[in-house]
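The structure appears right after this line, and notes come after that.
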Amino acid sequence: MAASNRTQVLRLYRALLRASQRFTAYGYRTYAIRRIRDAFRENKHLKDSEEIQTLVNKARTNLEIIHRQVTIGQLYSTQKLVIESPENTEII
């Protein structure tokens, strides 16, 4: 992979992870992060530039979807799950 492609892919990877961190719902947040990491690991061996470009375009589309869903999710407040509350971390 050319250096510019590598930089572009890494920048997109970080943007996807950052955007996914903004999900208010714990389930969506953890699923999105896990799915992003798995997809990038699965395709890290690719050498074909056309296939890489196709996947980069798909990832950009997914980034736009994540941005929209985060915005929609922030419009509706929900209570945090027990697993998300830091004060519930003590062992009884």
Side-chain angles (χ1 to χ4, degrees):
M1 181 182 337
S4 63
N5 280 344
R6 180 176 170 80
T7 305
Q8 177 185 15
V9 169
L10 289 174
R11 189 175 296 137
L12 185 57
Y13 176 71
R14 286 191 295 269
L16 284 162
L17 288 177
R18 268 191 236 108
S20 296
Q21 286 290 341
R22 295 181 58 217
F23 274 116
T24 55
Y26 176 79
Y28 288 131
R29 185 171 54 246
T30 56
Y31 173 77
I33 292 169
R34 185 178 65 245
R35 184 66 190 105
I36 290 164
R37 287 181 178 154
D38 290 346
F40 275 80
R41 282 185 191 133
E42 180 181 317
N43 294 309
K44 73 178 182 178
H45 66 280
L46 293 179
K47 303 288 184 206
D48 182 23
S49 62
E50 288 182 22
E51 192 172 351
I52 291 170
Q53 194 58 44
T54 301
L55 291 172
V56 165
N57 291 337
K58 184 177 177 182
R60 283 189 183 131
T61 302
N62 287 335
L63 180 60
E64 292 173 8
I65 292 169
I66 290 171
H67 282 303
R68 280 195 304 267
Q69 289 304 116
V70 165
T71 302
I72 290 170
Q74 290 172 347
L75 294 175
Y76 304 99
S77 63
T78 58
Q79 292 181 345
K80 288 192 176 256
L81 299 175
V82 173
I83 197 168
E84 295 178 281
S85 301
E87 62 272 358
N88 293 331
T89 57
E90 61 187 60
I91 300 174
I92 298 174

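Predicted model only: the values in this text are computed from it and were never measured.
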Check: Between atom CZ of Arg60 and atom CD of Gln8, what is the distance when rounded to the nearest 0.5 Å?
Finding: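 CD of Gln8 is found 4.5 Å from CZ of Arg60.
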Item checked: From CG (Leu16) to CZ (Arg18), nearest 0.5 Å ->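 One finds 10.0 Å between CG of Leu16 and CZ of Arg18.
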Check: With sequence neighbours excluded, what pairs up with Ala32 under the side chain to side chain contact (heavy atoms under 4.5 Å, CB included) test?
Finding: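 So Ala32 forms a side chain to side chain contact (heavy atoms under 4.5 Å, CB included) with Ser20, Phe23.
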Notebook entry, point to check: What pairs with Gln21 under side chain to side chain contact (heavy atoms under 4.5 Å, CB included), at least two apart in sequence or on another chain?
Noted result: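 If we apply the side chain to side chain contact (heavy atoms under 4.5 Å, CB included) test to Gln21, skipping adjacent residues, the hits are Arg29, Ile33.
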Item checked: Set of ring-ring contact (aromatic ring centres under 6.0 Å, His included) partners for Phe40, sequence neighbours left out ->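 ring-ring contact (aromatic ring centres under 6.0 Å, His included) list for Phe40, sorted by chain: Tyr13.
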Checklist line | For the student: nearest non-hydrogen atoms of Val9 and Val56, plus distance | finding: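 Of all heavy-atom pairs spanning Val9 and Val56, the closest is CG2-CG2, 3.8 Å.
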If you look only at distance, which donor and acceptor atoms sit under 3.5 Å apart when one is on a side chain in residues 61-75 and the other is two or more places apart or in another chain?
from	atom 1	to	atom 2	distance (Å)
Thr61	OG1	Asn57	O	3.1
Asn62	ND2	Lys58	O	3.4
Thr71	OG1	His67	O	2.9

Notebook entry, point to check: What about Leu10 and Leu55, same hydrophobic cluster or not, with Ile/Leu/Val/Met/Phe/Trp/Tyr joined at side-chain heavy-atom distances under 4.5 Å?
Noted result: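 No, separate clusters.
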Checklist line | Pair Asp38-Glu42, side chain to side chain contact (heavy atoms under 4.5 Å, CB included): steps then yes or no | finding: CA-CA 6 Å; Asp38 290 346; Glu42 180 181 317; 5.7 Å; no
